[in-house]
Amino acid sequence: MNAAEAAVERIVTELEGALVAGAQVPDAVLPRLEPRDLRARLKDAAENHAKLAQIARQWTHNFTALMKPDGVAARREEIMYAPVSAFILFVQRHIKDLHAAARSAQSSLTAARLLLPSILNNFKPSDFGEGERIDIALFNRPISNDARAHLGRDTLDFFAIIECKKHQDSKEEYNDALDQLIQYTRHVYRVQHNRRFAWALSVCGTNVYAVVMLHDAVLVSSAMDVSEPDGRKQFVELLVNWAMCDDVQAGYDPTMEFVPTSKNYRIQCPDKKGRMRTYTTTSNIVAAVDVLGRHTRCFVAESVDKKGGPKDVVVIKDAFATSRPPPHDDEHNEISHLRKIKKEFKGKKVDFMYPELVHGGDVVLPTGGSRVSNIAANSAYGFDDNTDGIFSLMSAAREDVPQPSNDGVNEERSWTQQPAVLSEAELIVVLAEAMRCHTAIRNRYKILHRDISPNNILVVRGSGGLPHGLLIDFDYAIPLERDGRSGRQGLSGTLPYMSIWNLEHGDKTKTALDDWEALLYTLCMWGTRGVSSKQREADGRDLTKAPISEWSKGTYKDIAQAKRRHMHSVESFECGILEYFHP
């Protein structure tokens, strides 16, 4: 029996006893309280196991009376927030006690973190949009913290989001809760750049569902019914394993460390031989904005020179690899391409910029650490491998989630992420230079980019302020055959810039014409949105109703048909596209 299993047995025994003891008075009084009064009781009960259990009991044993006390109208789900939080705090309080006992006895470390529910309920967290409110946040806090509800709303500290619904047999409420969790977790990925996968909890009546959002699937556990002893034990197991696993098992990337004082990240980048170089980010260019996808993130960063020498300024890209073989065995992955491009052009006089690889390799995640509790990876302390304990609750069923484009770029980002050009003339210069690079790489290195979009063209300004275009993101680049066609079949590109042939024949090979057609759609999108940020900000039109918005909606076939209508003739192009160009 490992430490987590022993902790579960101990906590379950304490919980079952506390839920039964002294139940008569609380069951008569607590369900009749207003939600704000019940939250006040929760605050007062923070250090008292018995009082926490009395509040939690209203969810586990007295749920019907909680939702509709005698003589009181049926309650909304807000009355559930305090009892659900009390259950979680009861478990966290015992985890902290067991951890303290282990430390005083100089035995092995038992806990990596405390998972504390928010004091605020039904609130708008930082970095969320207007009208987006979550029921409860579960915060990732140091084990040294008091086991109390946490006062805060910073998405950066979220471990999981909890959504509550009052009916446990309603499929509609179950689906609604899952939809909300998926939508809200997008913000967690967008803010937490070191998050590899994320957790959430759906509470429908007395049923608890654990939700894990991986980059390629969303998994939902079977119901843990806390009105039954077995269901309560399962939920305790989940909470204990979450608290007692290292960062890797919890879903974090330990090679990316957030620095609170400077509000940036310290990133360790591997090279081909596995050697590490440390960089500090100065700005974020691209954030992960979808639950599913490659979670591509890009940063401007400076090298950390311990000797005080000059700092190299680089762009760091972090993403899940698209390669089917292991990346180090795949000669067609992006890093391999960039190494060959550098070798082809380095030292030669060219009239374009190209991405020059400085450092790159496969990330190896160091195990055994907890950043939030300041426990270094591979330190003297160690954590058991609780992966099986965490994922044993997850069912094999995968929930259907709206699919992003192949690099995780959704419609919103496709509309808004544009190179920082100041005029139409600068835009033409930038695109021309980027496509000169495209052509040179195609002709000399014999690969096809296959993902031309605003997201993959950067503006780089020289010392005189003149703009240059830099083509990036060679994840989907593949070798060309002798006839100039790509050697690998399959759909590639970013909506709404994919060629009609690509959309209609994803199983066919592509040519450079598909990339040039994508450039044409890129120009149309800029023309509609406006070239400069000043133009876009001053535009009060609702472009969601413009015909060009059809390039991002529906099936691939729907989008291809829309593009055929718009691009069929001069007349259809003028009516469907040009008429909606920015004034």
Side-chain angles (χ1 to χ4, degrees), residues 255 267-279 281-282 285-286 294 296-305 309-323 325-364 407 419 430-453 455-463 466-480 486-488 492 512 515:
T255 67
I267 303 177
Q268 295 178 311
C269 297
D271 64 11
K272 191 175 182 179
K273 296 182 179 179
R275 297 171 299 194
M276 305 302 289
R277 189 179 301 180
T278 303
Y279 294 87
T281 63
T282 57
I285 303 174
V286 174
R294 298 185 48 237
T296 300
R297 300 171 171 107
C298 292
F299 311 88
V300 177
E302 296 178 338
S303 61
V304 177
D305 192 330
K311 297 180 178 180
D312 296 328
V313 179
V314 299
V315 172
I316 296 176
K317 175 182 175 181
D318 178 70
F320 282 99
T322 59
S323 306
H328 58 275
D329 293 334
D330 183 9
E331 64 177 0
H332 303 315
N333 70 48
E334 183 178 28
I335 292 174
S336 296
H337 286 317
L338 292 178
R339 287 198 176 102
K340 292 175 182 177
I341 289 171
K342 180 178 180 179
K343 182 179 180 181
E344 178 69 36
F345 294 123
K346 190 172 180 63
K348 297 178 182 177
K349 187 176 181 179
V350 294
D351 60 349
F352 55 84
M353 299 188 74
Y354 62 90
E356 184 174 341
L357 183 69
V358 175
H359 217 49
D362 308 328
V363 175
V364 177
D407 70 347
V430 166
L431 295 183
E433 191 162 315
M435 294 310 287
R436 278 202 297 274
C437 176
H438 174 278
T439 300
I441 290 173
R442 175 187 176 275
N443 291 340
R444 299 190 196 184
Y445 179 36
K446 305 300 182 186
I447 67 167
L448 189 62
H449 188 277
R450 300 202 310 162
D451 193 9
I452 300 298
S453 73
N455 307 303
N456 295 334
I457 299 174
L458 295 184
V459 176
V460 181
R461 293 189 180 273
S463 56
L466 294 177
H468 300 276
L470 177 63
L471 183 63
I472 62 168
D473 198 347
F474 286 78
D475 276 308
Y476 294 94
I478 56 175
L480 291 167
S486 60
R488 187 188 302 171
S492 65
D515 282 357

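From a predicted model like this one, the values you see are computed outputs, not experimental measurements.
Ring geometry for His449 versus His438: interplanar angle of 30 to 60°, hence tilted. Aromatic ring pairs are classed by plane angle as parallel below 30°, tilted from 30° to 60° and perpendicular above 60°; the pair His337 and Tyr445 is perpendicular.
For the pair Glu334 and Asp473, the minimum side-chain heavy-atom distance is below 4.5 Å. Using a 4.5 Å cut-off on side-chain heavy atoms (C-beta onward), Lys317 and Cys298 make contact. Counting heavy atoms from C-beta outward, Val314 and Ser303 have side chains that stay 4.5 Å or more apart. Looking only at side-chain heavy atoms (C-beta outward), Val315 and Ile285 come within less than 4.5 Å of each other. No side-chain heavy atom of Asn456 sits less than 4.5 Å from a side-chain heavy atom of Tyr476. Side-chain contact check for Leu357 versus Ile335: some heavy-atom pair is nearer than 4.5 Å. Residues Arg297 and Ile267 are not in side-chain contact: their nearest non-hydrogen atoms beyond the backbone lie 4.5 Å or more apart. Side-chain contact between Met435 and Ile452 is present, with heavy atoms from C-beta onward closer than 4.5 Å.
Ile341 CD1 to Glu356 CD: the interatomic distance, rounded to the nearest 0.5 Å, is 11.5 Å. Leu480 contributes atom CG, which lies 6.0 Å from atom CZ of Arg442 (distance to the nearest 0.5 angstrom). Rounding to the nearest 0.5 angstrom, the gap separating the CG atom in Leu470 from the SG atom in Cys437 is 7.0 Å.
Only one option out of Lys348, Lys346, Lys340 pairs with Glu344 in a salt bridge (charged side-chain N to carboxylate O under 4.0 Å, His left out); it is Lys348.
Gln268 and Met276 get closest at one heavy-atom pair: CB-CE, 3.4 Å. In terms of heavy-atom proximity, Pro467 sits nearest to Val430 at CB-CG2, 3.9 Å. Between Ala434 and Ile457 the shortest heavy-atom distance is CB-CG2, 4.0 Å. Leu448 approaches Asp515 most closely through the heavy-atom pair CD1-OD2, 3.4 Å.
Remark: the backbone N or O of Phe320 is paired with a side-chain donor or acceptor of Arg294 at under 3.5 angstrom. Checked by atom type and distance alone, the side chain of Thr296 never pairs as donor or acceptor with a backbone atom of Ala319 at under 3.5 Å. The main-chain N or O of Gly360 is found under 3.5 Å from a side-chain atom of Arg339 such that the two form a donor-acceptor pair.
Within a 6.0 Å radius of NZ in Lys343, other residues, nucleotides and ligands contribute 12 heavy atoms or fewer.
Here the two rings, on Phe345 and Phe352, have centers that are under 6.0 Å apart.
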